[in-house]
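Note sheet for the following structure.
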Amino acid sequence: MPPPPPPSPVRVVSTRTVKPAPPRPRERIPLTCWDVSMLSSNYIQKGLLFPTPSSSTDHLTTALASALHAYYPIAGRFVTDKHPDGGCSVSIDCDGQGVQIVRAVADGVSIADVIPPDADVPPLLHSFFPLQDAVNYDGHHLPLFVVQVTELIDGVFVGFVYNHALSDGTAFWDFLNAWAEIARARLSPTGTGPLTSRPPLLKRWSPQGDGAPVVLPYADLSELIERLEPPPLRERMLHFSSESLVALKERARQELLAAGDTAGAAALTRFQALTSLLWRCITRARRLPPEQETVCRLAINNRGRLRPALPAEYFGNTINAISTEAVRASELLERGHGWTAATVGRAVAAHTDEGIRARVAAWTAKPMVYTLRYFDPSGVMMGSSPRFDMYGCDFGWGKAVAARSGKANKFDGKTSLYPGPEGGGSMDAEVVLTPEHMAALERDDEFSAAVTPDRKKP
């Protein structure tokens, strides 16, 4: 038996419920197939680390109440309605039940303890996120959003815990940036300021365009919910500078040109090049049998791929987990970096309006929810996005020095991409593997050559 974890240095000082201000009339918003499929997953856990603010954090509460006036579904709760045919549907009961702000202190903890250089992400981070093991179905009785503001010796960590059945990461970061914009205005000399955030589009999408509730063929949804505990894992946050990504992309381009694939070379992106590196090097670290098939799954945004396209401000889940073609492990490694990058690109290009609607029809015929069982232990899963404006989320204290996540939705082979703190097209990759596989990845020469050494944090 492993030794028990040391006691957490984090002390909760207060918990406060925050409601939309001014209040909104009560209404119901039905969940779509994309929303319902998230009910067995954990809440999103993302956080930002700031140096000690030059001003108080008290303005966060009133700014949040104002943000919730526009984003009022976040202050609601889920409710399940039974139907005469024995099925059920889930909606957001928008009655201003409220979200929570937790104030906490991490005794003796510094920024250096939270983001140690060239080391695993410390388990200490888990204590910066409330509702640690909650799944989205629990939004029937738990707040759909909780934020924990934890004071450190030389900084503050703001941990956001957000129900993923409400929306995807695009809408989540839009909400956080709208809140941050209001908070910045509250710290201005006049206490107000022009707001540029566009209001969310709250009407849910459906194939028929009527926004009707999705009726599920179950009397009790709780039977679909699984609370699985992953095996022991290691987690690293690895930085890839813009220069490193340009070099990765150029290497893939030259390989494709040499193989005569001019179309694949012309369509290459930095994302494809980095995904190729991660998929191939993780496969090599796992030492899969040569005939074992592997795939790379990617969380993909449907907004711009639907016809007609959904507006960028659409509030809800519009993501699918698409997959590359299956390939034998030996073939993946033999064919090389360029071929793998092009394979990822083909999977993205093939995800069109027709394919999205076909997936919705297949899900409607046989509904499912994502659980840890869904993910292939021989594959990799790419989540989050370097396009999310994490470092633009300034609450009036300046730019964050780091973005991190909690323990939620982690499994062997999960990789999440973040924008790099310095911008310019750089990226951070949060890689989660078993201890054995992580040790092998750290010894991989190709991988190590691409990783940019840690920078000294302020």
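Residue numbers count from 1 along this sequence. Since we're looking at a predicted model, the values are computed, not measured.
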Do you know the tightest heavy-atom contact between [X] and [Y]?
{"X": "Cys296", "Y": "Met382", "answer": "SG-CG, 3.9 Å"}
{"X": "Thr324", "Y": "Ala347", "answer": "CA-CB, 3.9 Å"}
{"X": "Arg307", "Y": "Arg357", "answer": "O-NH2, 3.2 Å"}
{"X": "Asp428", "Y": "His239", "answer": "OD1-ND1, 2.6 Å"}
{"X": "Asn409", "Y": "Lys414", "answer": "O-NZ, 3.1 Å"}
{"X": "Phe129", "Y": "Gly159", "answer": "CE2-CA, 3.8 Å"}

Could you check whether any side-chain N or O of [X] sits under 3.5 Å from a backbone N or O of [Y], counting only pairs where one atom can act as donor and the other as acceptor?
{"X": "Asp35", "Y": "Asn317", "answer": "yes"}
{"X": "Asp394", "Y": "Gly396", "answer": "yes"}
{"X": "Asp444", "Y": "Glu446", "answer": "yes"}
{"X": "Asn163", "Y": "Ala165", "answer": "yes"}
{"X": "Ser89", "Y": "Pro213", "answer": "no"}
{"X": "Thr364", "Y": "Val360", "answer": "yes"}
{"X": "Asp138", "Y": "Ala134", "answer": "no"}
{"X": "Ser276", "Y": "His337", "answer": "yes"}
{"X": "Asp154", "Y": "Ile111", "answer": "yes"}

Summary of ring-ring contact (aromatic ring centres under 6.0 Å, His included) pairs that have at least one residue in residues 9-37, sequence neighbours excluded: Trp34-Trp205
Within 6.0 Å of CD in Glu226, more than 12 heavy atoms from elsewhere: yes
Whether over 12 other heavy atoms sit under 6.0 Å from Arg387 CZ: no
Counterpart residues, salt bridge (charged side-chain N to carboxylate O under 4.0 Å, His left out), relative to Asp376 (two or more places apart): none
Step-by-step side chain to side chain donor-acceptor pair (under 3.5 Å) determination, Ser41 to His164: CA-CA 8 Å; Ser41 302; His164 208 331; over 6 Å; no
Side-chain contact, heavy-atom cut-off 4.5 Å: [X] with [Y]?
{"X": "Asp174", "Y": "Phe315", "result": "no"}
{"X": "Val109", "Y": "Phe157", "result": "no"}
{"X": "Gln100", "Y": "Val147", "result": "no"}
{"X": "Val369", "Y": "Met38", "result": "no"}
{"X": "Val36", "Y": "Trp363", "result": "yes"}
{"X": "Phe128", "Y": "Leu152", "result": "yes"}
{"X": "Asp353", "Y": "Arg305", "result": "no"}
{"X": "Val99", "Y": "Ile74", "result": "yes"}

Starting at [atom1] of [X], measure out to [atom2] of [Y] and round the result to the nearest 0.5 Å.
{"X": "Met427", "Y": "Leu274", "atom1": "CE", "atom2": "CG", "result": "6.0 Å"}
{"X": "Arg253", "Y": "Gln272", "atom1": "CZ", "atom2": "CD", "result": "13.5 Å"}
{"X": "Leu39", "Y": "Asn136", "atom1": "CG", "atom2": "CG", "result": "6.5 Å"}
{"X": "Asp412", "Y": "Met438", "atom1": "CG", "atom2": "CE", "result": "9.0 Å"}
{"X": "Ser40", "Y": "Ile225", "atom1": "OG", "atom2": "CD1", "result": "4.5 Å"}

Are side-chain N/O atoms of [X] and [Y] paired as donor and acceptor at under 3.5 Å?
{"X": "His351", "Y": "Asn302", "answer": "yes"}
{"X": "Arg103", "Y": "Thr150", "answer": "no"}
{"X": "Ser416", "Y": "Ser384", "answer": "no"}
{"X": "Glu430", "Y": "Ser405", "answer": "yes"}
{"X": "Thr283", "Y": "Arg286", "answer": "no"}

Sequence neighbours excluded - side-chain hydrogen bond (donor to acceptor under 3.5 Å, both in side chains) pairs with any residue from residues 121-134: Asp133-Lys407
Atom pairs and distances, side-chain donor-acceptor, residues 12-24, under 3.5 Å, sequence neighbours left out:
{"from": "Arg24", "atom 1": "NH1", "to": "His69", "atom 2": "O", "distance (Å)": "2.6"}

Parallel, tilted or perpendicular: ring planes of Phe145 versus Phe160, cut at 30 and 60 degrees: parallel
Leu248 and Arg270: CA distance, side-chain angles, deciding distance, side-chain contact (heavy atoms from CB on, under 4.5 Å) verdict: CA-CA 8 Å; Leu248 274 176; Arg270 296 182 184 191; over 6 Å; no
Which residues pass the ring pair (Phe, Tyr, Trp, His ring centres under 6.0 Å) test with [X], not counting sequence neighbours?
{"X": "Phe395", "result": "Trp179, Trp397"}
{"X": "Tyr314", "result": "none"}
{"X": "Phe271", "result": "none"}
{"X": "Tyr72", "result": "none"}

Does [X] have any side chain to side chain donor-acceptor pair (under 3.5 Å) partners at least two apart in sequence or in another chain, and if so, which?
{"X": "Ser167", "answer": "Tyr162"}
{"X": "Thr318", "answer": "Asp168, Asn301, Arg303"}
{"X": "Tyr71", "answer": "none"}
{"X": "Asp107", "answer": "Arg11"}

N-O pairing of Asp93 and Arg77 below 4.0 Å: no
Carboxylate-amine/guanidinium proximity below 4.0 Å for Arg234 and Glu442: yes
Stepwise side chain to side chain donor-acceptor pair (under 3.5 Å) test for His437 and Thr434: CA-CA 5 Å; His437 297 156; Thr434 63; 3.0 Å; yes
Steps toward side-chain contact (heavy atoms from CB on, under 4.5 Å) verdict (Phe240, Leu238): CA-CA 7 Å; Phe240 295 86; Leu238 301 163; 4.1 Å; yes
